[in-house]
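Note sheet for the following structure.
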Number of protein chains: 2
Amino acid sequence: MNASRGVTIADVAARAGVAASTVSYVLSGKRSISPATAQRVMDAVAELGYHPHAGARSLASRRAGVIAMMLPLRDGMHLPVLMQFASGAVTEARRHDQDVLLMTADEGPAGLARVAASSIVDGLILMDVEVRDPRVEALRRLGLPSVLIGFPADAAGLTCVDLDFTAAGRECASYLIGRGCRDIALLGASEVVYERRTGFAERVRGGFLARGEACDHAEARPCPDDDPVSVQRTVKELLAARPELTGLAVHNEPAVPHVMHALADAGKLVGEDFHVVVIGPDEVGERVHPRLPSVLVPAERLAEIAVGHLMRKLDGFDVPDSTLVEPQLTVR
Amino acid sequence: MNASRGVTIADVAARAGVAASTVSYVLSGKRSISPATAQRVMDAVAELGYHPHAGARSLASRRAGVIAMMLPLRDGMHLPVLMQFASGAVTEARRHDQDVLLMTADEGPAGLARVAASSIVDGLILMDVEVRDPRVEALRRLGLPSVLIGFPADAAGLTCVDLDFTAAGRECASYLIGRGCRDIALLGASEVVYERRTGFAERVRGGFLARGEACDHAEARPCPDDDPVSVQRTVKELLAARPELTGLAVHNEPAVPHVMHALADAGKLVGEDFHVVVIGPDEVGERVHPRLPSVLVPAERLAEIAVGHLMRKLDGFDVPDSTLVEPQLTVR
DNA sequence: CTGTCTTGTCGAAGCGCTTCGATTGCCGGA
DNA sequence: TCCGGCAATCGAAGCGCTTCGACAAGACAG
């Protein structure tokens with residue numbers, strides 16, 4: 001056992017009394033090997049604690065056994081979701097015997113070119129894709145197998161996975177209606193969000209309003225998210241316009257506490273005569289009083305699906321271009 | 001330009017009219033090459049968009065150019081800190097031309113054995129090391145160059161980096177004294193924390209009390225963190241025992257909101273006649289009203305230092321066994 | 001004007017693995 | 001009995017890179 005220099009396939013072969021190629025075939029299953037021989041090889045592998053040299057393997061087989069995951073680590077992303085995502089991706093990748101290389105989005109297109117050209121990874125998961133994302137263009141050019149989380153403007157030929165926002169809007173409306181509300185409203189995202197991800201906010205709105213047809217009145221309005229005062233004004237205006245309003249969905253994380261404040265000021269007893277539900281990647285609902293039900297991004301599922309799709313692509317199978325994941329409505 | 005099969009060093013050599021080995025030497029700088037030749041090679045590299053094949057490189061040079069980072073991704077760790085950490089580590093690693101492989105702690109010792117044996121990484125950063133950590137033992141056995149964040153019980157022969165908790169305690173006391181407090185107290189961690197990381201909580205306490213000598217009275221008491229009621233009782237008892245108390249340091253993240261509640265009930269005006277400072281990995285101070293100054297774990301710095309140390313070890317240099325990082329007191 | 005260093009470059013030998021014929025027995029059908 | 005066919009295994013040829021020893025040319029001292 002040559003501990004300092006590492007156990008090679010030759011060591012295993014010698015120990016099992018076979019050729020190196022036979023060991024390789026036992027391990028990969030790419031040719032049939034007699035059970036007796038296979039067993040001897042496996043024993044030798046176990047006894048020597050053999051693990052194939054990743055570099056040699058990737059050189060010979062043109063498969064690195066590693067996928068890259070590019071996360072927007074630098075700016076103020078929703079951390080918990082990102083972690084869930086990373087955790088889910090690593091776990092799922094390991095189930096497929098792959099490792100995960102972590103990249104930050106600020107490596108940008110050049111980073112993609114680098115990992116692609118150096119064959120250090122077999123494929124790529126790109127998180128938090130924006131509508132106009134320079135990385136998407138680079139990706140298409142490189143031809144590196146990939147799965148995106150989120151939808152760019154031109155998704156042709158790409159595999160994308162995302163939350164089904166229409167369903168999220170619908171779920172919120174359903175929840176409120178289920179609580180007996182007959183007049184409901186959606187406070188939407190701020191302008192910035194609309195710019196960053198076209199469709200994303202609109203889809204929530206669409207789902208909400210469609211389901212809202214079932215009650216007396218349903219409407220949606222945008223909501224600023226930067227300063228407390230304008231949020232509160234927005235809420236006041238809404239309440240003034242719709243005195244019968246009893247259900248509110250908020251699709252705007254930073255605004256939530258201020259909305260709650262404004263409702264309290266207006267004498268609304270949330271959870272009793274008035275109902276609020278939140279759509280947000282974070283557990284915003286947890287942080288306010290009373291706790292609010294919320295529609296979460298099922299980050300772990302998204303990651304699983306993304307990695308699963310990528311694996312299938314790497315194995316040459318087809319996967320759907322677009323996969324929408326059902327949101328989860330959590331009631332506290 | 002053979003786009004489909006990848007640009008190899010031979011392509012670059014041909015284009016520059018030199019031998020492949022010359023290209024290698026230009027890129028690595030391991031032998032002197034005439035400026036003229038070097039320039040021609042660099043031009044060819046740029047024109048062809050050449051990136052060395054990572055597997056081939058690691059096979060030939062016994063250096064993978066990748067480090068592993070093992071994070072406790074699964075349980076309810078302090079997410080923001082983890083992200084800052086991951087981000088810092090990746091950024092710093094890239095500055096050293098290394099990539100980062102992400103592993104979860106639940107791969108455990110077996111995961112370490114795998115990455116070590118397969119030479120997929122050159123070294124390892126182990127986060128959130130606990131006092132009795134089975135991975136530490138495995139690590140020592142493997143002889144894989146590594147840096148730990150946190151201190152295991154037996155740190156002999158290991159490189160460890162962590163926050164200087166004594167300094168953190170001292171900083172808190174200093175802050176309170178600086179605000180004019182003459183009678184101060186530290187509400188410490190719960191029992192569980194004490195068990196997990198010996199020394200960690202004691203050191204904060206030590207630093208706090210040492211600096212506290214400078215005023216009329218300073219004391220420290222443990223604090224439960226699970227249920228609001230017992231936290232509030234603890235605070236009430238403290239206030240009853242020390243009617244002159246005007247400064248409080250809280251080293252117990254989940255208890256913070258309840259402490260604030262209890263103080264408000266007792267009629268203390270935090271920020272005016274009473275001062276509170278928080279030690280916590282999260283921006284807890286941000287979430288309560290009024291915002292509290294807090295001593296943060298400088299996660300990004302920790303990561304930078306850890307990666308820097310690892311790089312130096314990989315290059316054969318010595319690094320200190322133990323590095324303590326100064327805490328940052330942030331005043332809102 | 002030799003002999004000895006340097007300096008810059010080349011060629012070849014691997015690194016540890018996969019993979020593609022080729023080879024060896026062994027079976028059953030003719 | 002002979003031979004085609006199949007199953008099990010081997011050997012050798014790379015994969016793309018680094019690195020070591022060689023080797024031309026100058027540079028320089030003697």
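All values derive from a computational prediction rather than experimental measurement. Below, chains carry the letters A, B, ... as their sequence lines are ordered, and counting in each starts from 1.
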Listing, residues 23-32 of chain A side-chain donor-acceptor contacts under 3.5 Å, not counting sequence neighbours, or none:
unit_1 : atom_1 : unit_2 : atom_2 : d
A/S28  : OG     : A/S24  : O      : 3.2
A/S28  : OG     : A/K30  : N      : 3.3

Task: Passing option when B/M103 is tested against B/L126, B/I125, B/V115 for side chain to side chain contact (heavy atoms under 4.5 Å, CB included) - done: B/V115
- [ ] Go through the structure and list residues passing side-chain contact (heavy atoms from CB on, under 4.5 Å) with B/P134, not counting sequence neighbours.
- [x] B/P109
Task: Listed partners of A/S119 passing side-chain contact (heavy atoms from CB on, under 4.5 Å), at least two apart - done: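 side-chain contact (heavy atoms from CB on, under 4.5 Å) check on A/S119 returns B/H53.
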Task: Salt-bridge present (A/E304, A/R301; N to O < 4.0 Å) - done: no
Task: Salt-bridge contact B/R94-A/D106 (side-chain N to carboxylate O under 4.0 Å) - done: no
Open item on the list: Please encode protein proximity along nucleotides 15-22 of chain C as a string of B, S and -, counting only heavy-atom distances under 4.0 Å.
Closed with: BBBSBBBB
Open item on the list: Please report the end-to-end axis angle for the helix from C/dC1-D/dG30 to C/dA30-D/dT1, five pairs per end, rounded to 10 degrees.
Closed with: 50°
Open item on the list: Measuring to OP1 and OP2 of D/dA8, would you say a side-chain N or O of A/S34 lies under 4.0 angstrom away?
Closed with: no
Open item on the list: Looking at B/D315, I'd like to know if its CG atom is crowded, meaning that more than 12 non-hydrogen atoms belonging to other residues, nucleotides or ligands lie closer than 6.0 Å.
Closed with: yes
Open item on the list: Need one value for A/T37: base, sugar-phosphate or nothing, where a base atom within 4.0 Å counts as base even if backbone is also close, heavy atoms only.
Closed with: sugar-phosphate
Atom pairs and distances, side-chain donor-acceptor, residues 141-160 of chain A, under 3.5 Å, sequence neighbours left out:
unit_1 : atom_1 : unit_2 : atom_2 : d
A/D154 : OD1    : A/A156 : N      : 3.1
A/T159 : OG1    : A/K313 : NZ     : 2.7

